[in-house]
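Numbering of ligands and ligand atoms starts at 1, following listing order.
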Amino acid sequence: MRLDDWKQSRNIEDRRGSSRGGGSFGGGGRKIGLGTVVIALAAWYFLGVNPLTILGGGDILSSVTGGSATSSSGYSTSGTTGQEMTDAEGVFISKVLKTTETVWERIYAQNGWGQYPQPKLVLYTGATRSACGVGQAQMGPFYCPADEKIYIDLSFFRDTGRRLGVNGDFAQGYVIAHEVGHHVQQRLGLLDQYQRAKQANPRQANQISVVSELQADCFAGLWAYELVKAGNVIESGDIEEAMEAAEAVGDDRIQKSQQGYAVPDSFTHGSSAQRVAWFTRGMKSGNIHQCDPSRS
Ligand SMILES: [Zn+2]
(Lines give C-alpha, C1' and ligand atoms only; values in the text may rest on other atoms or scores of the structure.)
Protein backbone atom coordinates (compact mmCIF):
# COMPACT_ATOMS: atom_id res chain seq x y z
CA MET A 1 0.00 0.00 0.00
CA ARG A 2 1.31 3.44 -0.83
CA LEU A 3 0.09 5.94 1.72
CA ASP A 4 2.70 8.71 1.39
CA ASP A 5 0.18 11.18 0.03
CA TRP A 6 -2.36 10.50 2.74
CA LYS A 7 -2.87 12.57 5.85
CA GLN A 8 -3.43 10.97 9.20
CA SER A 9 -6.85 10.48 10.72
CA ARG A 10 -7.88 12.68 13.63
CA ASN A 11 -9.69 9.79 15.23
CA ILE A 12 -6.95 7.72 16.81
CA GLU A 13 -7.12 7.41 20.56
CA ASP A 14 -3.69 6.32 21.71
CA ARG A 15 -3.73 4.36 24.95
CA ARG A 16 -0.50 2.54 24.34
CA GLY A 17 1.95 2.55 27.14
CA SER A 18 -0.59 3.68 29.71
CA SER A 19 -0.57 1.32 32.65
CA ARG A 20 -3.50 -0.10 34.51
CA GLY A 21 -3.59 2.96 36.67
CA GLY A 22 -3.18 1.21 39.99
CA GLY A 23 -6.72 -0.03 40.44
CA SER A 24 -6.88 -3.40 42.14
CA PHE A 25 -8.30 -6.10 39.97
CA GLY A 26 -11.06 -8.11 41.55
CA GLY A 27 -12.19 -5.40 43.92
CA GLY A 28 -15.74 -6.04 42.83
CA GLY A 29 -15.65 -9.69 43.80
CA ARG A 30 -16.50 -12.55 41.52
CA LYS A 31 -19.59 -11.12 40.01
CA ILE A 32 -20.89 -12.82 36.94
CA GLY A 33 -23.05 -10.58 34.98
CA LEU A 34 -22.68 -7.55 32.89
CA GLY A 35 -19.02 -8.09 32.18
CA THR A 36 -19.55 -11.62 30.95
CA VAL A 37 -22.55 -10.73 28.87
CA VAL A 38 -20.99 -7.75 27.20
CA ILE A 39 -17.81 -9.57 26.42
CA ALA A 40 -19.85 -12.33 24.83
CA LEU A 41 -21.66 -9.72 22.81
CA ALA A 42 -18.39 -8.15 21.86
CA ALA A 43 -17.31 -11.54 20.62
CA TRP A 44 -19.83 -11.24 17.80
CA TYR A 45 -17.84 -8.44 16.37
CA PHE A 46 -14.40 -9.92 16.41
CA LEU A 47 -12.68 -10.20 13.18
CA GLY A 48 -12.64 -13.83 12.16
CA VAL A 49 -10.64 -14.68 15.19
CA ASN A 50 -12.77 -16.43 17.70
CA PRO A 51 -10.94 -16.17 21.02
CA LEU A 52 -12.52 -19.40 22.19
CA THR A 53 -10.96 -21.36 19.37
CA ILE A 54 -7.63 -19.64 19.67
CA LEU A 55 -7.34 -20.12 23.38
CA GLY A 56 -8.91 -23.55 23.44
CA GLY A 57 -12.09 -22.60 25.24
CA GLY A 58 -13.06 -19.99 27.69
CA ASP A 59 -9.80 -18.37 28.69
CA ILE A 60 -11.07 -14.97 27.78
CA LEU A 61 -14.48 -15.54 29.23
CA SER A 62 -13.24 -16.90 32.51
CA SER A 63 -10.68 -14.19 32.94
CA VAL A 64 -13.35 -11.61 32.35
CA THR A 65 -15.88 -13.37 34.56
CA GLY A 66 -13.76 -12.41 37.54
CA GLY A 67 -13.88 -8.85 36.47
CA SER A 68 -17.01 -6.79 36.67
CA ALA A 69 -17.59 -3.21 35.74
CA THR A 70 -15.99 -2.27 39.04
CA SER A 71 -12.82 -4.26 38.78
CA SER A 72 -12.26 -3.42 35.15
CA SER A 73 -12.00 0.20 36.17
CA GLY A 74 -8.38 -0.60 36.91
CA TYR A 75 -7.65 -0.58 33.20
CA SER A 76 -6.72 2.45 31.28
CA THR A 77 -9.73 4.10 29.78
CA SER A 78 -8.35 7.21 28.29
CA GLY A 79 -5.68 8.25 25.92
CA THR A 80 -4.98 11.25 23.83
CA THR A 81 -7.28 11.64 20.87
CA GLY A 82 -6.71 13.54 17.69
CA GLN A 83 -2.95 13.73 17.84
CA GLU A 84 -0.60 12.82 15.05
CA MET A 85 1.10 9.49 15.44
CA THR A 86 4.87 9.56 15.25
CA ASP A 87 5.79 5.87 15.26
CA ALA A 88 5.66 3.87 12.04
CA GLU A 89 2.91 1.48 13.17
CA GLY A 90 0.78 4.29 14.54
CA VAL A 91 1.20 6.37 11.41
CA PHE A 92 0.21 3.40 9.25
CA ILE A 93 -2.97 2.65 11.23
CA SER A 94 -3.87 6.34 11.29
CA LYS A 95 -3.50 6.68 7.53
CA VAL A 96 -5.44 3.49 6.84
CA LEU A 97 -8.23 4.83 9.06
CA LYS A 98 -8.12 8.01 7.00
CA THR A 99 -8.60 6.01 3.79
CA THR A 100 -11.69 4.38 5.29
CA GLU A 101 -13.06 7.80 6.29
CA THR A 102 -12.58 9.11 2.76
CA VAL A 103 -14.21 6.04 1.21
CA TRP A 104 -17.23 6.07 3.53
CA GLU A 105 -17.71 9.82 3.21
CA ARG A 106 -18.04 9.21 -0.52
CA ILE A 107 -20.44 6.28 -0.14
CA TYR A 108 -22.57 8.23 2.34
CA ALA A 109 -22.69 11.19 -0.04
CA GLN A 110 -23.56 8.98 -3.03
CA ASN A 111 -26.49 7.52 -1.14
CA GLY A 112 -27.72 10.77 0.37
CA TRP A 113 -27.11 9.59 3.92
CA GLY A 114 -25.61 12.86 5.11
CA GLN A 115 -22.35 13.15 6.93
CA TYR A 116 -20.46 9.94 7.63
CA PRO A 117 -20.08 9.62 11.42
CA GLN A 118 -16.43 8.65 11.82
CA PRO A 119 -15.56 6.07 14.47
CA LYS A 120 -12.70 6.43 16.91
CA LEU A 121 -9.95 3.83 16.82
CA VAL A 122 -8.28 2.95 20.12
CA LEU A 123 -4.72 1.68 20.06
CA TYR A 124 -3.84 -0.13 23.25
CA THR A 125 -1.28 -2.47 24.70
CA GLY A 126 -2.20 -5.58 26.64
CA ALA A 127 -5.64 -4.75 27.95
CA THR A 128 -7.98 -1.81 27.99
CA ARG A 129 -11.52 -1.04 28.96
CA SER A 130 -14.27 -0.64 26.39
CA ALA A 131 -18.01 -0.19 26.85
CA CYS A 132 -18.22 -3.85 25.78
CA GLY A 133 -15.92 -5.13 28.51
CA VAL A 134 -12.18 -5.41 28.86
CA GLY A 135 -10.40 -5.63 25.55
CA GLN A 136 -7.43 -7.94 25.57
CA ALA A 137 -4.74 -8.41 23.02
CA GLN A 138 -5.49 -12.09 22.49
CA MET A 139 -9.00 -11.28 21.31
CA GLY A 140 -7.81 -9.62 18.16
CA PRO A 141 -9.22 -6.37 16.83
CA PHE A 142 -12.88 -5.72 17.60
CA TYR A 143 -15.59 -3.11 17.29
CA CYS A 144 -17.65 -2.12 20.30
CA PRO A 145 -21.08 -0.83 19.23
CA ALA A 146 -21.82 0.57 22.70
CA ASP A 147 -19.09 3.20 22.46
CA GLU A 148 -18.68 3.02 18.67
CA LYS A 149 -14.95 2.52 18.85
CA ILE A 150 -12.59 0.09 17.17
CA TYR A 151 -10.02 -1.52 19.47
CA ILE A 152 -6.67 -2.77 18.25
CA ASP A 153 -3.64 -4.03 20.09
CA LEU A 154 -0.94 -3.88 17.47
CA SER A 155 0.68 -7.04 18.80
CA PHE A 156 -2.14 -8.85 16.97
CA PHE A 157 -0.55 -7.97 13.67
CA ARG A 158 2.85 -9.06 14.92
CA ASP A 159 1.81 -12.37 16.53
CA THR A 160 -1.59 -14.05 16.25
CA GLY A 161 -2.60 -12.44 13.00
CA ARG A 162 0.65 -13.32 11.35
CA ARG A 163 0.43 -16.91 12.57
CA LEU A 164 -3.04 -17.17 11.11
CA GLY A 165 -1.98 -15.73 7.77
CA VAL A 166 -2.73 -12.02 7.99
CA ASN A 167 0.46 -10.80 6.34
CA GLY A 168 1.30 -7.52 4.75
CA ASP A 169 0.07 -3.96 4.98
CA PHE A 170 -2.98 -4.37 2.78
CA ALA A 171 -4.02 -7.46 4.75
CA GLN A 172 -3.88 -5.33 7.89
CA GLY A 173 -5.84 -2.69 6.05
CA TYR A 174 -8.53 -5.27 5.31
CA VAL A 175 -8.74 -6.10 9.02
CA ILE A 176 -9.26 -2.44 9.90
CA ALA A 177 -11.70 -1.92 7.03
CA HIS A 178 -13.68 -4.93 8.29
CA GLU A 179 -14.01 -3.38 11.75
CA VAL A 180 -14.97 -0.06 10.19
CA GLY A 181 -17.58 -2.08 8.30
CA HIS A 182 -19.13 -3.03 11.65
CA HIS A 183 -19.27 0.64 12.55
CA VAL A 184 -21.15 1.38 9.33
CA GLN A 185 -23.53 -1.48 10.16
CA GLN A 186 -24.04 0.09 13.57
CA ARG A 187 -24.80 3.52 12.17
CA LEU A 188 -27.15 2.15 9.53
CA GLY A 189 -29.10 0.26 12.19
CA LEU A 190 -28.07 -3.13 10.82
CA LEU A 191 -26.35 -4.38 13.97
CA ASP A 192 -29.54 -3.68 15.91
CA GLN A 193 -31.52 -5.65 13.35
CA TYR A 194 -29.15 -8.61 13.62
CA GLN A 195 -29.26 -8.44 17.41
CA ARG A 196 -33.06 -8.47 17.43
CA ALA A 197 -33.11 -11.33 14.94
CA LYS A 198 -30.80 -13.35 17.20
CA GLN A 199 -33.04 -12.75 20.19
CA ALA A 200 -36.07 -13.82 18.19
CA ASN A 201 -34.32 -16.88 16.75
CA PRO A 202 -31.67 -18.05 19.21
CA ARG A 203 -31.10 -21.22 17.24
CA GLN A 204 -30.11 -19.21 14.22
CA ALA A 205 -27.82 -16.88 16.14
CA ASN A 206 -24.70 -18.30 14.51
CA GLN A 207 -26.12 -17.98 11.01
CA ILE A 208 -27.16 -14.41 11.69
CA SER A 209 -23.70 -13.67 13.00
CA VAL A 210 -22.22 -15.09 9.79
CA VAL A 211 -24.46 -12.78 7.75
CA SER A 212 -23.24 -9.81 9.77
CA GLU A 213 -19.59 -10.78 9.39
CA LEU A 214 -19.80 -11.45 5.66
CA GLN A 215 -21.44 -8.09 5.22
CA ALA A 216 -18.52 -6.45 7.05
CA ASP A 217 -16.20 -8.29 4.66
CA CYS A 218 -18.20 -6.97 1.70
CA PHE A 219 -17.95 -3.45 3.17
CA ALA A 220 -14.17 -3.96 3.42
CA GLY A 221 -14.36 -4.89 -0.27
CA LEU A 222 -16.02 -1.53 -1.01
CA TRP A 223 -13.04 0.14 0.63
CA ALA A 224 -10.68 -1.88 -1.58
CA TYR A 225 -12.75 -0.95 -4.65
CA GLU A 226 -12.31 2.76 -3.99
CA LEU A 227 -8.58 2.41 -3.40
CA VAL A 228 -8.15 0.44 -6.61
CA LYS A 229 -10.04 3.20 -8.39
CA ALA A 230 -7.82 5.86 -6.81
CA GLY A 231 -4.98 4.31 -8.77
CA ASN A 232 -2.00 5.27 -6.66
CA VAL A 233 -2.53 3.34 -3.42
CA ILE A 234 -2.58 -0.31 -4.39
CA GLU A 235 0.70 -2.02 -5.13
CA SER A 236 1.19 -5.34 -6.81
CA GLY A 237 0.41 -8.19 -4.46
CA ASP A 238 -1.87 -6.09 -2.24
CA ILE A 239 -5.15 -7.60 -3.38
CA GLU A 240 -3.74 -11.11 -3.01
CA GLU A 241 -2.68 -10.25 0.55
CA ALA A 242 -6.19 -9.21 1.46
CA MET A 243 -7.67 -12.33 -0.16
CA GLU A 244 -5.27 -14.52 1.75
CA ALA A 245 -6.16 -12.76 4.98
CA ALA A 246 -9.89 -13.22 4.33
CA GLU A 247 -9.23 -16.88 3.67
CA ALA A 248 -7.02 -17.22 6.74
CA VAL A 249 -9.69 -15.96 9.14
CA GLY A 250 -12.44 -18.25 7.84
CA ASP A 251 -14.04 -20.34 10.59
CA ASP A 252 -13.31 -23.65 8.85
CA ARG A 253 -9.66 -22.81 8.41
CA ILE A 254 -9.26 -21.71 12.05
CA GLN A 255 -11.19 -24.69 13.41
CA LYS A 256 -9.23 -27.15 11.32
CA SER A 257 -5.95 -25.73 12.51
CA GLN A 258 -7.13 -25.82 16.13
CA GLN A 259 -9.00 -29.09 16.34
CA GLY A 260 -8.40 -30.86 13.06
CA TYR A 261 -11.93 -30.57 11.72
CA ALA A 262 -14.56 -27.91 11.09
CA VAL A 263 -18.11 -27.75 12.46
CA PRO A 264 -20.11 -25.53 10.10
CA ASP A 265 -23.02 -25.03 12.53
CA SER A 266 -20.67 -23.39 14.99
CA PHE A 267 -19.39 -20.88 12.46
CA THR A 268 -19.89 -17.30 13.50
CA HIS A 269 -17.92 -15.54 10.78
CA GLY A 270 -18.27 -17.71 7.70
CA SER A 271 -16.04 -20.13 5.89
CA SER A 272 -12.86 -19.07 4.13
CA ALA A 273 -14.59 -19.39 0.77
CA GLN A 274 -17.50 -17.23 1.91
CA ARG A 275 -15.26 -14.55 3.35
CA VAL A 276 -13.20 -14.33 0.19
CA ALA A 277 -16.38 -14.33 -1.92
CA TRP A 278 -18.00 -11.44 -0.05
CA PHE A 279 -14.87 -9.35 0.11
CA THR A 280 -14.51 -9.88 -3.63
CA ARG A 281 -18.14 -8.98 -4.22
CA GLY A 282 -17.66 -5.62 -2.56
CA MET A 283 -14.39 -5.03 -4.33
CA LYS A 284 -15.70 -5.91 -7.79
CA SER A 285 -19.05 -4.15 -7.59
CA GLY A 286 -18.24 -1.10 -5.47
CA ASN A 287 -21.95 -1.13 -4.71
CA ILE A 288 -23.13 -1.26 -1.11
CA HIS A 289 -26.48 -2.60 -2.24
CA GLN A 290 -24.68 -5.76 -3.34
CA CYS A 291 -23.61 -6.35 0.25
CA ASP A 292 -26.60 -8.24 1.65
CA PRO A 293 -25.61 -11.80 2.56
CA SER A 294 -29.03 -12.42 4.13
CA ARG A 295 -30.53 -12.58 0.65
CA SER A 296 -28.33 -15.31 -0.70
ZN1 LIG B 1 -16.26 -8.91 12.35
**OP:** Among residues two or more places apart or on two chains, list those pairs meeting salt bridge (charged side-chain N to carboxylate O under 4.0 Å, His left out) that have a residue in residues 111-127.
**Re:** none
Subject >> Summary of ring-ring contact (aromatic ring centres under 6.0 Å, His included) pairs that have at least one residue in residues 241-266, sequence neighbours excluded >> reply: none
**OP:** Report yes if the distance between the aromatic ring centroids of Trp104 and Phe219 is under 6.0 Å, otherwise no.
**Re:** yes
**OP:** Tell me, please, if Glu213 has any N/O/S atom, main chain or side chain, under 2.8 Å from the Zn ion (ligand 1)?
**Re:** yes
Subject >> His269 near the Zn ion (ligand 1): N/O/S under 2.8 Å >> reply: no
**OP:** Report the relative orientation of the aromatic rings in Tyr151 and Phe142; use parallel for angles under 30°, tilted for 30 to 60°, perpendicular for over 60°.
**Re:** parallel
**OP:** Just to the nearest 10 degrees, tell me the angle at the Zn ion (ligand 1) spanned by His178 NE2 and His182 NE2.
**Re:** 100°
